[in-house]
Every structure is written in C-alpha cells, then in structure tokens.
There are 4 protein chains.
Amino acid sequence: MARTVGSNGPKTMEAIRKAGLRLIYTQGYEAMSLRRLAAEVGIQAGSLYNHITTKQDLLFDLIKVHMDELLERLDQALDGIADPEDRLQAFIAFHVGYHIARKREVFICYSELRSLESKNYDIVVGLRQQYERKLIGILDDGVASGRFTVADTTVAAYGILAMLTGVCTWFKPAGRLSKEEVTGIYTGMVRHGLVRTVDAPAVAEAT
Amino acid sequence: MARTVGSNGPKTMEAIRKAGLRLIYTQGYEAMSLRRLAAEVGIQAGSLYNHITTKQDLLFDLIKVHMDELLERLDQALDGIADPEDRLQAFIAFHVGYHIARKREVFICYSELRSLESKNYDIVVGLRQQYERKLIGILDDGVASGRFTVADTTVAAYGILAMLTGVCTWFKPAGRLSKEEVTGIYTGMVRHGLVRTVDAPAVAEAT
Amino acid sequence: MARTVGSNGPKTMEAIRKAGLRLIYTQGYEAMSLRRLAAEVGIQAGSLYNHITTKQDLLFDLIKVHMDELLERLDQALDGIADPEDRLQAFIAFHVGYHIARKREVFICYSELRSLESKNYDIVVGLRQQYERKLIGILDDGVASGRFTVADTTVAAYGILAMLTGVCTWFKPAGRLSKEEVTGIYTGMVRHGLVRTVDAPAVAEAT
Amino acid sequence: MARTVGSNGPKTMEAIRKAGLRLIYTQGYEAMSLRRLAAEVGIQAGSLYNHITTKQDLLFDLIKVHMDELLERLDQALDGIADPEDRLQAFIAFHVGYHIARKREVFICYSELRSLESKNYDIVVGLRQQYERKLIGILDDGVASGRFTVADTTVAAYGILAMLTGVCTWFKPAGRLSKEEVTGIYTGMVRHGLVRTVDAPAVAEAT
DNA sequence: AATGAATGAGTGTTCATTCAT
DNA sequence: GATGAATGAACACTCATTCAT
C-alpha cells in the first residue's frame with residue numbers, strides 16, 4: 001500500500017521516459033498500454049499519473065525534448081564554422097552521428113507524428129522545419145556564394161535528409177562499418193553522387 | 001435487416017480495401033477501429049467479417065498485394081534493358097513514378113511493418129529484400145562491368161532507396177515540379193551528387 | 001449459388017439433427033454455433049433456416065422426439081407384463097438398454113433442460129414426469145399388492161432412476177461388462193442392495 | 001468515476017464468486033454474461049477484471065475450491081473410523097449432507113465439466129476420481145475383510161454416487177423429509193436394496 | 001433448397017484515467 | 001508517491017437470424 005522502499009520521484013520519471021521510449025519504438029504509441037509501461041517501471045498503472053498528465057503528453061514530451069536537443073546540438077556542431085562546404089560537412093557528420101546514437105528517438109519522431117494531437121503536431125512539425133531550414137540555409141549560402149551547384153535546393157535537402165536518416169534503419173554498431181566510415185561514405189555520396197560513371201566525365205553528362 | 005438493395009460482394013470488398021488503406025495511412029493500423037472502417041464502407045462492423053477474416057489479415061493483404069505488384073511492375077519496367085546505366089535509370093524512373101502514384105501503400109508498407117504478426121512480417125520483409133536486391137544487382141553489374149564507381153554497393157543502394165522513397169512525403173501532383181522533373185532531378189543527384197562544388201571538376205575530386 | 005448437386009431436403013434435415021445432437025452433446029447448446037452446425041452438415045448457416053425455424057426449436061425438437069420415443073418404447077417393453085416384479089425387471093432392463101444405446105439424447109435431455117424456453121421446458125418436464133410415474137406406479141402396485149417393501153416410493157424411484165441413468169456416463173460398449181451383465185448387476189442392486197453385509201441376514205437388519 | 005465509497009476488494013471478490021455460482025447454476029456457464037454478473041455485483045463489466053483473470057478462470061476457481069473442500073471435509077468425516085460398515089455409513093451421511101448443503105456447487109461440478117479448458121478439465125476429473133476412489137476403497141476394504149458382499153465394486157460405487165447425488169435435484173429443505181430421514185432412507189437402500197420382495201428372504205434370492 | 005451478404009445485438013476483454021486510501 | 005479498485009467507453013469479433021438472389 002505504501003510505496004516501495006527506495007523508489008523516488010525523479011528516478012521514477014526517468015524510468016518512465018526510458019521505458020516509454022523503448023515501448024513506443026518497438027510497439028508503437030497506440031499499441032503501448034500504460035499498464036505495460038507501468039509494469040516495466042515496476043509500479044501500478046494508476047501511479048503513472050503522479051508523473052505524467054496523459055499518455056499523449058508523455059509522447060509529446062519525448063518528442064519535444066528530443067527535437068529541442070537535436071536543434072541545440074546542431075547549433076553547437078555548426079558553431080564557429082563559416083564556409084558552406086565545411087558547414088555541409090559538419091551537418092552530415094552531426095546528423096549521421098546523432099541519428100546513430102538516438103535511433104529510437106529519431107524513429108518515433110517520424111513514425112508517431114500522426115499520433116500527436118493537432119496542437120502538438122504543429123509544434124513538432126515546426127521544430128522539424130527549423131531543422132530542415134538549417135540544411136537548406138547551408139545549401140542556399142553555398143549557391144549564393146557560387147560555391148555549390150545544386151539541381152534544386154529543396155529537393156536536395158529532402159534527399160540528403162532522407163538518405164542520411166535512413167542510416168537508423170540498418171546501422172549496427174558492431175557491423176562491418178564504423179560510424180566514421182559511414183559518415184565518410186555518405187559525405188562522398190552527397191558530394192559526388194551515389195553511383196558514378198567511370199570513363200565519362202560526370203560534368204559532361206550532367207543534365 | 002437483410003442486405004441493402006444494390007450492394008454486393010466484390011464491390012464491398014473493394015470498398016473495404018480502399019477505405020482500409022486510407023484509414024491505416026492517416027491513423028495507423030492500431031488506431032483504426034473496425035467500426036470506423038465499417039462506417040466508411042457503409043455497413044455494420046460485424047458485416048466486415050463476411051469479407052475479411054481478421055483485422056490483421058486485412059493489413060497483411062493490403063501490404064502483400066502491394067509488394068507483389070511492386071515486384072511485378074519493376075520486372076516489367078526493367079524488361080529488355082541490359083545496360084546497367086540504362087537499368088539504373090529505369091529503376092529510378094520506375095521507383096519515383098510508382099511511389100508517387102501509390103504513396104499510401106508505400107507508406108504503410110514501411111510504417112506498419114511492426115504491426116504485422118511475425119509470420120506475416122517475415123514474408124513482407126522477404127519481399128522487400130527481393131526488391132532491394134534488384135537494385136543492388138544493378139549496381140553490382142555496373143561495378144563488375146567496370147562501368148560504375150560505387151563507394152559501397154549496399155550503402156549506396158540503401159541510400160538511393162531512402163532518398164527516392166522520401167519523395168512520397170513531400171511530392172504534390174499540383175506542386176511546382178512535375179513527376180518527370182522530379183525523376184530527372186533524382187537521377188542527376190544519384191549520378192553526380194546532391195551538392196557539387198562548382199569550380200573544381202567533380203572528376204578531379206573523385207575518391 | 002444453386003444448391004449442391006445431390007443434396008435434398010429430408011436428407012439434409014436428418015443430417016442437421018444428427019450433427020446437432022452430437023454438437024450439443026459435446027459442446028452444449030449455448031456453445032454450439034449454427035455456423036459450426038451448418039459447416040458440419042456442409043451447407044451455409046443461412047440455409048439451415050430452410051429446415052429449422054430457430055435454434056431453440058431444434059433443441060426442443062431433439063428433446064421432444066426423444067422423450068416421445070422413450071415413452072413409447074417403454075410402453076412396448078412393459079406391454080403384456082402384469083406382475084409388479086416382472087414389470088420392475090422389465091423396466092430396469094429397458095432403461096439400461098435404452099440409455100446405453102442413446103446416451104447422447106439422454107444426456108442432453110438432462111443437461112439442456114435449462115436451455116429450454118419456459119413453454120418448452122414445461123412440456124419436457126411433463127413428459128419426464130410421465131416416465132417417472134411409470135416407475136412409481138410399478139412400485140406402488142407392488143406395495144399395494146403386498147409384494148414389495150419400499151422405504152419411500154418416491155425416493156426409491158428417484159434413486160433407481162439416478163442410479164440407472166448413471167450408466168450413460170461410464171458404460172463403454174467394448175468394456176469389461178456387456179449390456180446384459182450390467183443389467184443383471186443393476187437389477188440385483190435394486191432388489192438386494194448395493195452393498196450387503198455378509199453374515200447378518202439383510203432382512204433382520206431392515207429399518 | 002472512482003470507486004463507490006465503502007466498496008472494497010475482498011468483499012467484491014466474494015460477491016463475484018457468490019453471484020457467479022448462482023448464475024452458472026441457473027443459466028449455465030456459457031449463457032452467463034459477464035455484464036450480467038457484474039450487474040448483480042453492482043459494478044461495471046470491466047471492473048470484474050480487477051478480481052478475476054478470465055471468465056474461464058472464475059469457473060475453474062469455483063469448481064476447484066469446491067472439490068478441494070469436498071475432499072477435505074470427507075477426510076474429516078471419515079477420520080478415526082476404521083470399520084468398513086461404519087465408514088460406508090459415514091460416507092453416505094456425509095455425501096448426502098454435503099450435497100444437500102451445496103447443491104449448486106455440486107451441480108456445476110457435473111454440468112460444467114465440458115466448459116473447462118482441457119488443462120482445467122484434467123485437474124478436476126483427477127480430483128473427482130480421488131473422491132470416487134475413497135468410496136471404492138471402503139467397498140474394497142469391506143470385501144477384503146469378508147464383511148461386504150458386492151456384485152461389482154466399481155459399478156456399485158458409481159451406482160451409490162449417482163443415487164446419492166440425485167438428492168440434489170429433488171431435495172427441498174422445507175419438504176416432507178428431513179435431511180436425517182433422507183440419509184436414513186438412502187442408507188437402507190444402499191444396504192438392503194431399493195425395492196425388496198417381501199416374502200422371500202433377500203439372501204436366498206441373491207445372484 | 002442453397003447462397004452470400006447483411007443486420008443489430010451481444011460477447012469477453014482492454015483501455016486510459018480517476019481517486020479514496 | 002504508491003496502491004487497488006473503480007469507471008465508461010471502446011475494442012475485435014461472434015452470434016442467430018433475415019432475405020434478395
């Protein structure tokens with residue numbers, strides 16, 4: 001009836017976020033029951049409500065915190081870098097690294113967008129667009145300064161993001177390639193093409 | 001009490017598949033209730049079971065039929081084309097076109113994989129791998145014949161697929177770019193890079 | 001859409017009664033679904049209604065037909081026998097024989113009484129009482145004529161019926177005892193006790 | 001929205017078992033809906049699941065608890081009695097008394113056997129056989145010590161049990177006969193026959 | 001006499017959430 | 001901060017029954 005000895009508030013909240021993240025990642029938000037979540041945390045379902053307000057709020061919180069951190073860390077990663085080429089390089093390295101490290105958060109940010117109530121949805125989409133605009137801005141700067149040739153700035157940015165984000169779905173830490181190798185390969189593909197023709201100069205063939 | 005005049009079996013089944021596809025796309029499989037689905041079709045919830053066996057089977061059917069058709073159409077698109085460059089070009093054009101035309105089917109094939117029971121999951125993943133291997137095969141052929149330079153065949157294939165598939169999330173038929181323009185841009189990005197540096201020829205910079 | 005070649009009315013009805021009897025015996029009336037019944041017969045559920053009016057009526061019919069036959073056969077078995085002792089003997093032989101041969105009908109007559117709607121229930125209980133009164137009548141005749149000593153006519157009749165009917169639950173045609181042996185044993189137990197004390201004459205001990 | 005003041009766990013569970021027993025007795029397990037059960041208890045259907053795991057488990061629990069108690073009480077009733085005649089007498093008295101007192105539990109133990117899932121079925125049948133073997137053991141002891149004459153030990157035991165258990169179906173506490181009178185009559189019928197012939201000594205007639 | 005598609009009520013069960021303790 | 005018992009709505013699914021064909 002009284003609480004389990006040793007448990008306490010902040011620890012419990014942290015356990016809820018951790019278990020929630022894992023369960024939403026593996027089962028999906030709708031499929032995750034709060035009873036299951038509570039069981040993983042080691043408390044009763046009703047006790048969750050000492051820490052969260054609603055299930056929806058837990059989802060939003062997980063996503064919002066992640067998006068905020070993503071944006072903050074990106075700023076840190078780009079801080080002090082001026083040259084568009086260097087900034088693009090830094091963006092790619094950051095994005096790949098972060099998405100490998102936080103694949104679960106990243107995944108639910110994409111897959112559970114539709115589970116967000118409209119107000120929360122708008123906020124998250126806004127944050128995501130902020131992130132996308134950072135990349136578009138880099139490309140635009142490069143184009144404006146005459147350094148980059150880009151077929152279509154927006155399409156390229158979406159292409160880059162889709163390609164890089166895909167790393168979440170297949171990268172294994174213990175696999176054939178290291179994080180650094182992957183980053184290098186992706187950088188090369190972004191800059192020179194994913195599949196190049198050998199004996200005909202790429203420039204001549206360009207549309 | 002008996003059936004409404006004019007309704008009939010095959011039409012109802014088609015309506016179920018159509019409404020199911022739309023609802024799963026917009027709400028997700030777990031969030032879609034069969035009552036809602038039935039209401040959209042214009043029948044009672046229980047009547048669905050004259051046409052489907054379970055909710056899970058409806059999902060699997062939608063995905064399976066789509067994957068089968070995807071593979072079949074790809075074969076048609078590549079049929080009679082021998083040169084790796086031409087085959088890659090054809091693959092890209094097919095993939096972009098098909099994914100624009102069937103964005104909902106494509107989306108649920110990715111997003112609802114986790115909602116599939118393990119037996120169904122295995123089947124679908126197997127079909128997906130077949131599709132991926134077609135692309136990897138093209139790349140391998142090109143490399144083997146000395147026509148392609150590819151940093152890493154597998155990573156490149158995953159990169160291409162992620163990049164191209166991303167088209168589903170932003171393409172609007174009435175938007176700025178036509179399907180053909182998008183295909184052209186993507187082809188260029190695959191072959192020469194998404195962001196190239198202007199004054200240094202790509203060839204010279206190639207790894 | 002048209003009917004299966006070779007099927008026809010009376011045969012189908014007979015198949016329904018046969019399958020219904022078996023299913024009600026093994027699963028119980030409530031637990032038997034008409035879809036299952038139809039499947040066993042080899043038709044669709046809706047087609048049952050060309051032969052039965054309702055599920056309840058099928059149950060009632062099965063029970064009623066059996067009770068009528070039970071009474072009719074009993075009359076045949078007792079026909080022409082006047083002496084109470086002989087009549088009791090004939091009753092026991094008939095009851096055991098019939099209950100072994102029709103164990104499923106007998107079982108559902110007891111176990112599904114509560115599934116009968118009140119009007120049907122009353123009818124069946126009336127028929128059952130008719131049967132019980134036949135036995136009570138035999139006992140009463142024997143007592144009236146000074147041939148029988150019975151502690152309590154009604155209790156004895158219920159006791160005999162319960163004991164004899166129990167044969168349904170354990171008798172196996174291929175078992176240790178033949179139908180005739182079982183009848184003999186039961187007759188003995190009715191007349192002389194189920195467990196007698198050896199060295200003290202039963203008569204002396206009688207209450 | 002939360003629970004009604006004054007209600008509490010153990011009381012609710014007891015109310016569920018009581019109402020469940022009554023409803024299964026009157027309607028049968030299949031015919032009893034959990035909504036009806038909940039209504040009788042005064043809670044919502046879903047709230048039942050704070051106390052039971054499944055409907056099947058409630059049935060099994062009711063039966064299992066009864067069988068355990070039946071066996072325990074029988075042991076108490078026979079405790080300290082050595083002579084087979086006395087033990088048989090004690091068994092009859094116990095069985096009749098217990099079955100009159102617990103007619104509903106007894107009834108569902110027989111009638112709802114087929115509603116038990118196979119694992120539960122096996123357990124209950126095992127317990128029932130334990131009970132039957134107690135009686136068979138008494139008869140065997142009596143025969144072994146030369147005190148009893150029994151036509152067939154097993155058939156006699158089944159006959160006794162069927163006959164005595166039948167008391168459940170007709171005994172009325174306010175009826176013509178008291179519990180003690182019924183016990184006396186049954187004992188007499190077991191020992192000396194249900195219907196005896198007056199002028200010919202039973203012993204002489206024995207098979 | 002059979003089918004297949006429909007109905008509307010019902011099934012056991014799960015859900016997020018509440019709240020007195 | 002935790003519990004356990006409650007709510008009321010919802011879930012996927014099954015049911016007996018109907019009827020145009």
Side-chain angles (χ1 to χ4, degrees), chain A residues 1-5 7-9 11-13 30 32-38 42-56, chain B residues 1-13 30 32-38 42-56, chain C residues 1-5 7-9 11-13 30 32-38 42-56, chain D residues 1-13 30 32-38 42-56:
Chain A
M1 299 229 178
R3 78 186 189 216
T4 305
V5 177
S7 73
N8 63 40
K11 266 188 209 159
T12 302
M13 184 63 224
E30 289 282 351
M32 173 192 73
S33 91
L34 292 188
R35 276 169 176 77
R36 173 74 193 277
L37 174 60
I43 59 179
Q44 295 298 311
S47 305
L48 289 173
Y49 287 84
N50 289 319
H51 306 276
I52 68 174
T53 56
T54 63
K55 190 188 180 190
Q56 167 74 202
Chain B
M1 297 221 181
R3 77 182 185 223
T4 305
V5 176
S7 71
N8 65 37
K11 267 188 209 159
T12 301
M13 184 63 227
E30 288 281 351
M32 174 191 73
S33 95
L34 291 189
R35 277 169 179 77
R36 174 73 192 276
L37 174 59
I43 58 177
Q44 297 296 313
S47 304
L48 289 173
Y49 288 85
N50 288 318
H51 306 276
I52 66 173
T53 55
T54 62
K55 189 189 180 190
Q56 167 74 200
Chain C
M1 297 228 179
R3 78 185 191 220
T4 305
V5 176
S7 73
N8 64 40
K11 265 187 208 159
T12 302
M13 185 62 225
E30 289 281 351
M32 173 192 72
S33 92
L34 293 189
R35 275 169 177 75
R36 173 73 192 275
L37 173 59
I43 59 178
Q44 295 299 310
S47 305
L48 288 172
Y49 288 85
N50 289 318
H51 306 275
I52 67 174
T53 57
T54 63
K55 189 187 179 189
Q56 167 74 200
Chain D
M1 297 220 181
R3 75 182 187 225
T4 305
V5 177
S7 71
N8 65 37
K11 267 187 208 158
T12 302
M13 184 63 227
E30 288 281 350
M32 173 190 73
S33 94
L34 292 189
R35 274 166 182 77
R36 174 73 193 276
L37 173 59
I43 59 177
Q44 296 297 312
S47 303
L48 289 172
Y49 287 83
N50 288 319
H51 306 277
I52 66 173
T53 57
T54 62
K55 188 188 182 191
Q56 167 75 199

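These numbers were taken from a predicted model, which means no experiment stands behind them. In what follows, chains are A, B, ... by sequence order, proteins preceding strands, each numbered from 1.
- Closest contact between the side chain of D/N50 and the listed nucleotides E/dA6, E/dG4, F/dT7 involves F/dT7.
- Position along DNA chain E of the nearest nucleotide to C/Q44 versus D/T53 favours C/Q44 as the more 5'-ward residue.
- Taking atom CD1 on D/I52 and atom C1' on F/dG4, their separation rounds to 16 Å, with Å as the unit.
- The shortest heavy-atom contact between D/R35 and D/A45 is CG-CB, 3.9 Å.
- Proximity of C/I52 to C/M13: side-chain heavy atoms (C-beta onward) are separated by under 4.5 Å at one or more points.
- C/L34 and C/L48 make their closest contact through O-CD1, 3.4 Å (heavy atoms, listed as atom of the first residue, atom of the second, distance).
- The two residues C/Y49 and C/T54 have their closest heavy-atom pair at CE2-CA, 4.4 Å.
- The interatomic distance linking A/L48 (CG) with E/dT17 (C1') rounds to 11 Å, in whole Å.
- Relative to the side chain of D/Y49, the nucleotides F/dT3, E/dT13, E/dA5 differ in distance, and E/dT13 lies closest.
- Taking atom NE2 of residue A/H51 and atom P of nucleotide E/dA16, one finds them 17 Å apart after rounding to whole Å.
- Rounded to an integer number of Å, the gap from B/M13 CE to E/dA6 C1' is 16 Å.
- Residue C/T12 holds its OG1 atom at 9.0 Å from CG of C/N50, rounded to the nearest 0.5 Å.
- Within the structure, a side-chain polar atom (N or O) of D/S47 is placed less than 4.0 Å from OP1 or OP2 of F/dT7.
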Dump every N/O contact between nucleotides 9-11 of chain E and the protein below 3.5 Å, one line per pair.
residue, atom, partner, partner atom, Å
E/dT11, OP1, D/S33, OG, 3.4

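- The 5' end of DNA chain E is approached more closely, in terms of each residue's nearest nucleotide, by D/T54 than by the other of D/T54 and A/Q56.
- Contact detail for A/M32 and A/K55: the closest heavy-atom pair is O-NZ, 2.9 Å.
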Dot-bracket encoding of pairs in DNA chain E, which uses [ ] for pseudoknotted crossings and | for another strand, Watson-Crick or G-U under 3.5 angstrom:
.||||||||||||||||||||
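- The NZ-C1' distance, from C/K11 to E/dA1, rounds to 14 Å in whole Å.
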